[in-house]
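Single-structure report; data block below.
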Amino acid sequence: KNEVEQSPQNLTAQEGEFITINCSYSVGISALHWLQQHPGGGIVSLFMLSSGKKKHGRLIATINIQEKHSSLHITASHPRDSAVYICAVIKNTGNQFYFGTGTSLTVIP
Amino acid sequence: KAGVTQTPRYLIKTRGQQVTLSCSPISGHRSVSWYQQTPGQGLQFLFEYFSETQRNKGNFPGRFSGRQFSNSRSEMNVSTLELGDSALYLCASRRQVGAYEQYFGPGTRLTVT
């Protein structure tokens, strides 16, 4: 079983819809990242969280340490949001990154 | 400040050959990690180097190896290539082992035929 699980694996939305991507993990962590990967490969970090909630523009990320769960929300989705979103955790033992398998999001105009 | 750079960006090799990929980290970053990304497995950790020493290693066969130079640039080598080694190889740098912020390069797309 993967230590980091994401859902859904694939998501198609109409432009303007509210989107939620979920991440559950089974290990103790120091921090959690939400990453975005566009076709072509480049990965950028959207958020780093160790508690609570962060907001950047139309993106909101939350984490519940007790429940070992994080969500990424996109409000008023746009076709340019189409990408793969990856949840990554830093284990609190070993300091390595562990990744979910990603959620492929397609936003249709 | 320049980002993480990787060369080459694309590579086609034949089964049985070997390949060397290169990664230059962000200036001031001394830790370099390598990852393999495939459609079925997602991102998988290969190894991490810091101060020219391998600090962590993932669960990959010995055909996968790496090294880091005194200027923090890193190379990874895959010997005796197999079809299953076709993947996107990403490197990422951070200031030091344990730093929470990690920055990814654009990746090298390796195709083994």
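Protein chains get the first letters and strands the later ones, always in sequence-line order, with residue 1 at the start of each.
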Check your understanding: Given side chains that start at C-beta, do those of A:Gln37 and B:Leu88 come closer than 4.5 Å, heavy atoms only?
Key ->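 Yes, close enough: below the 4.5 Å cut-off.
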Point to revise | Side-chain heavy-atom pair A:Ile86, B:Gln37 within 4.5 angstrom cut-off | key: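 Yes, close enough: below the 4.5 Å cut-off.
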Side-chain heavy atoms nearer than 4.5 Å, only ILVMFWY residues, links allowed to pass through others: does that put [X] and [Y] together?
{"X": "A:Phe99", "Y": "A:Tyr85", "value": "no"}
{"X": "A:Leu46", "Y": "A:Val84", "value": "no"}
{"X": "A:Leu11", "Y": "A:Val4", "value": "yes"}
{"X": "A:Trp34", "Y": "A:Val27", "value": "yes"}
{"X": "A:Ile65", "Y": "A:Leu49", "value": "yes"}

Check your understanding: Which atom names give the shortest non-hydrogen contact between B:Gln41 and A:Thr101, and what distance separates them?
Key ->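 Closest approach of B:Gln41 to A:Thr101: O-CG2, 4.3 Å.
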Practice item. Check each atom of A:Ile90 against the heavy atoms of chain B and say whether the ones under 4.5 Å are side chain, backbone, both or neither. Key: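 For A:Ile90, the contact with chain B is made by the side chain alone.
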Practice item. Step through the shown structure and confirm whether more than 12 heavy atoms of other residues, nucleotides or ligands are within 6.0 Å of CZ on A:Arg58. Key: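 Yes, CZ of A:Arg58 has more than 12 neighbouring heavy atoms, counting only those of other groups under 6.0 Å.
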Check your understanding: Quick one: of B:Arg94, B:Glu48, B:Arg55, B:Arg9, who has the most non-hydrogen atom pairs under 4.5 Å with chain A?
Key ->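 Max contact count across the listed options: B:Arg94.
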Check your understanding: For the candidates B:Tyr35, B:Tyr100, B:Phe104, B:Tyr103, which exhibits the highest count of non-hydrogen atom pairs separated by less than 4.5 Å from chain A?
Key ->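 Sorted descending by pairs with chain A, the first entry is B:Tyr100.
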Review point. Could you state the interatomic distance from CG (B:Leu43) to CG (A:Leu35), rounded to the nearest 0.5 Å?
Key: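 Result: 8.0 Å between the selected atoms.
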Practice item. Could you tell me the separation between the OH atom of A:Tyr98 and the CZ atom of B:Phe45, rounded to the nearest 0.5 Å? Key: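 CZ of B:Phe45 is found 7.5 Å from OH of A:Tyr98.
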